[in-house]
Amino acid sequence: MTRLRFLAVAENFLDGSIPPEIGMLESLEVFYAYNNNISGSIPVSIGNLSRLITLALSGNNINGSICGEIGRLKSLVKLFLYENRLSGSIPVSIGQLKSLSLLHLGENHLTGSIPTTIANLSSLTKIFLYDNHLTGSIPSEINNLTNFEEFQLYNNSLSGYLPENICTGGRLARFVARDNYFVGSIPKSMKNCSSLVRVILQGNELRGNISKDFGIYPNLDYMDLSNNNFFGELTRNWGQCPKLSMLNISNNKISGKLPHELGDATQLRKLDLSSNLLVGKIPKELGQLKLLYILKLNNNSLSSNVPIEIEMLSELQMLDLSTNNLSGPIPIYLEGCSKLLHLNLRSNMLDGNIPFQLGNLRSLRNLDLSQNLLSGELPLELGHLDMLEIFNLSHNKLSGPIPSTFKELISLTFVDISYNLLEGSLPNIKAFFEAPVEALEHNKGLCGNNTSLKPCPMLKGNNNKIIIIVLVTVSIFCTLILLFIIVGVLFIHKERERNMDEPRRTQATVTFFEAWGHNGKKFHEEIIEATENFSYKYCIGVGGYGSVYKALLPTGQVIAVKKFHDNGGVASNEAFRSETNVLTRARHRNIIKLFGFCSHTKYLYLVYEFMERGSLEKILSNDVKAMELEWTKRLNIVKGLANSISYMHYECCPAIIHGDIASKNVLLDHKFEAHLSDFGSSISLDPESSNWTPFAGTFGYSAPELAYTIEVNEKCDVYSFGVVVLEVIMGKHPGDIILSLLASSSSSSPPATHQVLLKDLLDERLSPPTNQVAGKVVTATKIAFACLQTRPQSRPTMKQVSEKLSTSLPLPGPLHLITLKQLFDQCWTS
């Protein structure tokens, strides 16, 4: 095919090597073979493609070296060889590609130094050499290239100086050179480089005066200079970067006071200035950073009190002020930071009592108040921190007994109360039982069930013996009376049951615990004991039909128990029957596992496996947790959810319609794998009759046809799935887009969001997806729009969706230029 100009075989499952005959395609201008399983080396004959403009072989298993013949591709503009197994050095001949504007060799095994001939590439604007084994310095000749937009060399062993003229052209947006051995100061051209968006230089040996080498950056979003040798003082300039969301200058030698102008950078979400030489007060103006969720000022020499304005940081999830010289009491107003997960005040000079208000921080996972001057007794309210995992109170002057409420700290895995004046018995929970001697030593008189402590003393002496005998006698007497009362009540209850009608008698206790293979009564009793008869403090969620409780069984297994509302009436009974009907026959890795259930006139509950990460809805609404949910995990969630719905629609007989697919009903385990839950609204599809059912879905997720009909079919689930997929991609509910689609369907005009760029839709808390992942995000978005078509008949089936998600299409252009119109057009016509 010697006249062929465009060849795209990307995003398939091609293997084997590239045949040398590729060099015979003398007219070829574009060759896309990225994201396959191609192996072998790049054929030497590829140098014959003199008209080639774009060569994209990334995301394969290509090995060997980059052949020198690649320098013969005189027309080449873009070269993508990243994510392969290429070794050897970068060929000197690469400097002959005078038209090259983008060079991407990242994520390979390249060695040696960067050839000086790269300086001949006068058209070069983007260079990616990250994640290799490159050594030596950046050639000084690269200073002749002044039009860089992206310069990424991170994760190598490069040394020497950064190129001085890297931003002379005023176009540099992303500069990432972290985790190398660079020395010297920041390039002078960067000081006034107003185009900068992201700068990551952490983990080098850079030095320089931070107050003189940096300017004001109107477009800067992300700055990480941590783990270097910068010195000097922070200036007010950082407060004049209006788009700055992350500033990390930790582990340097920054001195002086914190400028109060930092409070003007109102888009800041993470501020890390830890491990420096900062002094003075924490500025009250930091309270203006309403979006801040991480604040780390630890390992400095900050003094005075913690400012009251900290309570205004309602989004704060991590506060680390440890190892400073802070004094005064622990501020009670910290309870205003209700989303705190980690609070570390260790190694300061804080005194006074521990405020009981800390017990209101119900989301706390980590609380460290050790090595201070705290005194007084422990407040009972700390026992309400039932999510707490790490608890350190060591090296203080705390006294008195450990409150009985501490037995409610059921999530606790580590505790240290050493070097205090505490006395009395230990709380009856595992963390205290298994605490090492170092975590309990040097107190006044602790006792209890721990191998390093003595058992708590029994009463001694004759008088005490008499008291014991009296107590035992009274206890036996009271027990006998209680038994007589119980027998009487049971007799009366039995007589009443005999006089009740047949429907009432059929509501006998039914228990079923298949997963354990034991009798239900025993586990029922353990569940009642573990939840203290369904006490509110074990409640982890409330829904329309019931409440969900977390229970720790004597075996150490954690389970979730959904107890239906006592006054739920017919609706609760129907939901209970629906869930047991579905979950006792539906078995899929992405459907919540039912361990058992109990149906009783007093108790109506289901027992599930416990999902450590909670619901997808809660994770997406939490900035810190949402950032843990990077693109690959999000795509796996979408794929898992699609597989579970496809299984219900096509592999269950009769088919199951969920009826309430929403992000609140998608639960994630510790590996972020999706599990569909809450089948209270589900129905088994009867092909012989209409499936009429009252609306029971979640508004904002339900198909539009349910506004005028109550006949449910599988296409209702498809629509709801589309909403959830967009929510995963956007990081929030896609309300505006759904309204736009509905409006366009009624007016026969294109959606109002037609010209919106896909990049503006993506969750801005994550870096944009790249490479193969970007293609899969585009595929998922197309599928979502196809599922959201107003006419049910036009929507794909979940089987088609599940199969489609296993592949990904080539990008219809650079990710930052793709419009929703392109996605609408492709999914609507396919």
Side-chain angles (χ1 to χ4, degrees), residues 106-107 114 126-140 142-143 145-146 148-235 237-238 241 243-255 265 268-277 294 296 767:
E107 296 182 66
I114 301 172
K126 297 181 180 180
I127 182 170
F128 304 90
L129 303 177
Y130 60 82
D131 278 333
N132 279 289
H133 307 292
L134 299 173
T135 56
S137 59
I138 299 175
S140 58
I142 283 185
N143 279 309
L145 305 180
T146 59
F148 282 117
E149 296 173 6
E150 295 201 41
F151 195 93
Q152 301 199 27
L153 309 174
Y154 60 88
N155 282 354
N156 279 288
S157 297
L158 295 166
S159 56
Y161 299 94
L162 297 173
E164 283 293 323
N165 299 331
I166 193 167
C167 194
T168 300
R171 300 171 61 184
L172 186 65
R174 288 175 172 81
F175 182 25
V176 186
R178 63 175 171 82
D179 297 318
N180 280 285
Y181 300 100
F182 291 119
V183 297
S185 58
I186 294 296
K188 292 179 180 178
S189 60
M190 281 182 59
K191 181 168 184 178
N192 299 310
C193 189
S194 59
S195 57
L196 284 176
V197 174
R198 180 168 289 235
V199 177
I200 306 178
L201 302 177
Q202 71 186 69
N204 283 286
E205 297 172 14
L206 297 169
R207 59 183 290 109
N209 193 329
I210 198 124
S211 58
K212 295 180 180 180
D213 293 347
F214 293 88
I216 298 173
Y217 306 105
N219 296 301
L220 187 65
D221 170 69
Y222 197 103
M223 174 69 82
D224 192 340
L225 305 173
S226 59
N227 295 286
N228 279 289
N229 296 309
F230 291 109
F231 57 88
E233 299 184 7
L234 297 175
T235 69
N237 289 351
W238 296 107
C241 299
K243 297 181 181 180
L244 189 61
S245 66
M246 206 290 282
L247 178 60
N248 187 351
I249 318 181
S250 61
N251 287 286
N252 280 283
K253 299 174 182 177
I254 310 302
S255 57
L268 267 177
R269 288 166 168 79
K270 178 178 178 180
L271 177 60
D272 188 351
L273 303 175
S274 59
S275 299
N276 279 291
L277 306 172
I294 294 178
K296 298 184 69 176
S767 299

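Here, residue 1 is the first one in the sequence, and each next residue gets the next number.
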Atom pair [atom1] ([X]) and [atom2] ([Y]), whose distance is rounded to the nearest 0.5 Å:
X      : Y      : atom1 : atom2 : result
Ile294 : Lys270 : CD1   : NZ    : 5.0 Å
Phe230 : Arg207 : CZ    : CZ    : 10.0 Å
Ile249 : Met223 : CD1   : CE    : 7.5 Å
Asn180 : Ile138 : CG    : CD1   : 8.0 Å

> What residue pairs, at least two apart or across chains, pass salt bridge (Lys or Arg N to Asp or Glu O under 4.0 Å) with a residue in residues 174-200?
Replying inline: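 Qualifying pairs: Arg198-Asp221.
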
With a 3.5 Å distance limit and no angle check, can you tell me whether [X] reaches the backbone of [Y] through a side-chain donor-acceptor pair?
X      : Y      : result
Ser195 : Leu172 : yes
Asn156 : Leu129 : yes
Asn252 : Ile254 : no
Asp272 : Ser250 : no

> Checking side chain to side chain donor-acceptor pair (under 3.5 Å) for the pair Asn228/Asn204: CA distance, chi angles, key distance, verdict?
Replying inline: CA-CA 5 Å; Asn228 279 289; Asn204 283 286; 4.7 Å; no

>> What I'd like to find out is whether the side chain of Phe231 reaches to under 4.5 Å of the side chain of Asn209, using heavy atoms alone.
In response: yes

> Where do Met190 and Ile166 come nearest, in terms of heavy atoms and distance?
Replying inline: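 Shortest heavy-atom contact: CG-CG2, 4.2 Å.
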
>> Can you tell me how the ring of Tyr217 sits relative to the ring of Trp238, calling it parallel under 30°, perpendicular over 60° and tilted otherwise?
In response: tilted

